[in-house]
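Shown next, in structure tokens, is the structure this report addresses.
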Amino acid sequence: MTDPLADIYKQIGSEQPFVRLVDAFYTGVETDELLRPMYPDDLTDARKHLFQFLVQRTGGPTTYSDNRGHPRMRGRHLPFRIGLLERNAWMHHMENALEATPEFGPHKAVMHAFFDDFSMFMINQPS
Ligand code: HEM
């Protein structure tokens with residue numbers, strides 16, 4: 001089956017919307033009482049990693065894996081307590097970020113489905 005995300009980076013045509021998507025997402029996280037304490041004080045690297053991961057996942061340059069190796073996202077999230085509440089909070093900020101970044105409009109359904117599934121997969125604790 002074809003990967004529905006594989007062509008999105010090319011169709012969007014620049015990394016700027018990805019920068020803005022990640023900025024909008026972390027603007028939400030910054031004010032979230034549940035999620036904010038999970039992240040380091042300085043969000044610079046968290047922003048950079050999410051940005052590079054999303055660019056790579058949507059068919060763009062593979063800078064993420066060139067620097068960080070195989071994504072193995074579930075393993076990287078194991079140190080954090082992620083139950084349904086944390087997952088729903090994460091998803092809420094990503095939904096807002098998608099809404100706030102019009103370049104993703106044509107890809108919103110596909111991106112939403114990806115984030116919806118992938119964030120459920122990150123759950124590693126009962127709620
Ligand atoms: C389900 C709720 C989620 C929570 C609570 C969560 C939380 C976190 C936290 C606390 C970090 C560490 C940040 C740092 O130390 O700089 C992180 C890293 C990361 N997260 Fe999530 N995350 C979630 C779901 C997701 C999803 C669905 C994706 C992708 C679509 C994602 C992508 C990433 C990436 C790319 C990193 C950086 C990994 C690395 O290279 O070190 N996360 N996440």
Side-chain angles (χ1 to χ4, degrees):
M1 202 184 120
T2 326
D3 175 2
L5 274 81
D7 210 36
I8 290 180
Y9 182 83
K10 201 165 73 190
Q11 287 186 39
I12 288 183
S14 116
E15 60 179 40
Q16 270 317 306
F18 289 83
V19 172
R20 289 205 301 279
L21 179 76
V22 168
D23 274 353
F25 171 74
Y26 278 110
T27 298
V29 168
E30 269 168 348
T31 61
D32 190 304
E33 289 177 9
L34 191 60
L35 296 185
R36 186 63 187 90
M38 298 170 73
Y39 289 86
D41 289 346
D42 183 350
L43 290 171
T44 311
D45 282 354
R47 278 172 199 267
K48 185 175 76 183
H49 295 150
L50 183 58
F51 162 76
Q52 291 176 348
F53 174 79
L54 293 177
V55 163
Q56 172 171 313
R57 184 62 191 81
T58 54
T62 58
T63 316
Y64 179 83
S65 283
D66 296 346
N67 291 305
R68 311 274 299 156
H70 189 280
R72 51 177 200 85
M73 274 302 145
R74 199 164 190 284
R76 288 191 205 269
H77 284 79
L78 284 179
F80 312 107
R81 190 207 175 284
I82 305 180
L84 188 60
L85 281 180
E86 288 79 7
R87 178 269 175 194
N88 287 348
W90 191 101
M91 193 61 204
H92 169 73
H93 297 303
M94 190 52 86
E95 280 171 347
N96 286 346
L98 276 176
E99 286 296 332
T101 318
E103 290 87 345
F104 283 91
H107 313 288
K108 205 159 74 182
V110 168
M111 295 291 286
H112 188 278
F114 165 68
F115 288 130
D116 209 21
D117 285 357
F118 209 70
S119 57
M120 286 303 289
F121 178 56
M122 291 305 135
I123 291 179
N124 53 30
Q125 305 278 327
S127 289

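For the single chain, residues carry numbers from 1 onward in sequence order.
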Original post:
Do I82 and M38 have side chains that get closer than 4.5 Å, going by heavy atoms?
Top reply: yes
Subject >> E103 side chain near Q16 side chain, heavy-atom distance below 4.5 Å >> reply: no
Original post:
With side chains defined as the heavy atoms from C-beta onward, is the minimum distance between F51 and V19 less than 4.5 Å?
Top reply: yes
Original post:
So, for P106 and P102, which heavy atoms are closest and what is the spacing to 0.1 Å?
Top reply: CD-O, 4.1 Å
**OP:** Could you check if a side-chain atom of F80 sits within less than 4.5 angstrom of a side-chain atom of Y39, using non-hydrogen atoms only?
**Re:** no
Original post:
Out of curiosity, Y64 OH to K48 NZ, how far, rounded to the nearest 0.5 Å?
Top reply: 11.0 Å
Original post:
Looking only at atom types and distance, does a side-chain atom of T31 sit under 3.5 Å from a main-chain N or O of G28, one as donor and one as acceptor?
Top reply: yes
**OP:** May I have all residue pairs that pass salt bridge (charged side-chain N to carboxylate O under 4.0 Å, His left out) and include part of residues 114-127, sequence neighbours excluded?
**Re:** R87-D116
Subject >> Residue pair L43 / R36, side-chain heavy-atom distance below 4.5 Å >> reply: yes
Original post:
For the residue pair V110 and I8, what are the closest heavy atoms and their distance?
Top reply: CG1-CD1, 4.1 Å
**OP:** To the nearest 0.5 Å, tell me how far D7 CG sits from T2 OG1.
**Re:** 10.5 Å
Subject >> Transitive ILVMFWY side-chain link F115 to F121, under 4.5 Å >> reply: yes
**OP:** Measure the spacing between CG of N96 and NE2 of H92 and express it to the nearest 0.5 Å.
**Re:** 4.5 Å
Original post:
For M91 and S119, which heavy atoms make the closest approach, and how far apart are they?
Top reply: SD-OG, 3.8 Å
Subject >> With sequence neighbours excluded, residues passing salt bridge (charged side-chain N to carboxylate O under 4.0 Å, His left out) with R81 >> reply: E86
**OP:** Measure the shortest side-chain to side-chain distance between E95 and E99 over non-hydrogen atoms and say whether it is less than 4.5 angstrom.
**Re:** no
Subject >> Closest non-hydrogen atom pair between V22 and L54, with its separation >> reply: CG2-CD1, 4.2 Å
**OP:** State whether the side chain of H77 and the backbone N or O of M73 hold a donor-acceptor pair below 3.5 Å, judged by distance alone.
**Re:** yes
Original post:
Does L35 reach the side chain of H93, with side-chain heavy atoms less than 4.5 Å apart?
Top reply: yes
Subject >> Closest heavy-atom pair and its distance - A89, D32 >> reply: CB-OD2, 3.7 Å
Original post:
What class does the angle between the rings of Y9 and F18 fall in, given that below 30° is parallel, 30 to 60° is tilted and above 60° is perpendicular?
Top reply: tilted
**OP:** Check F53 against P71 and note the closest heavy-atom contact, atom names and distance.
**Re:** CE1-CB, 3.9 Å
Subject >> Any pair counted as side chain to side chain donor-acceptor pair (under 3.5 Å), so long as it reaches residues 51-63, sequence neighbours left out >> reply: D3-R57, Q56-S65, T62-D66
Subject >> Side chain proximity check, T101 to M111, heavy atoms < 4.5 angstrom >> reply: no
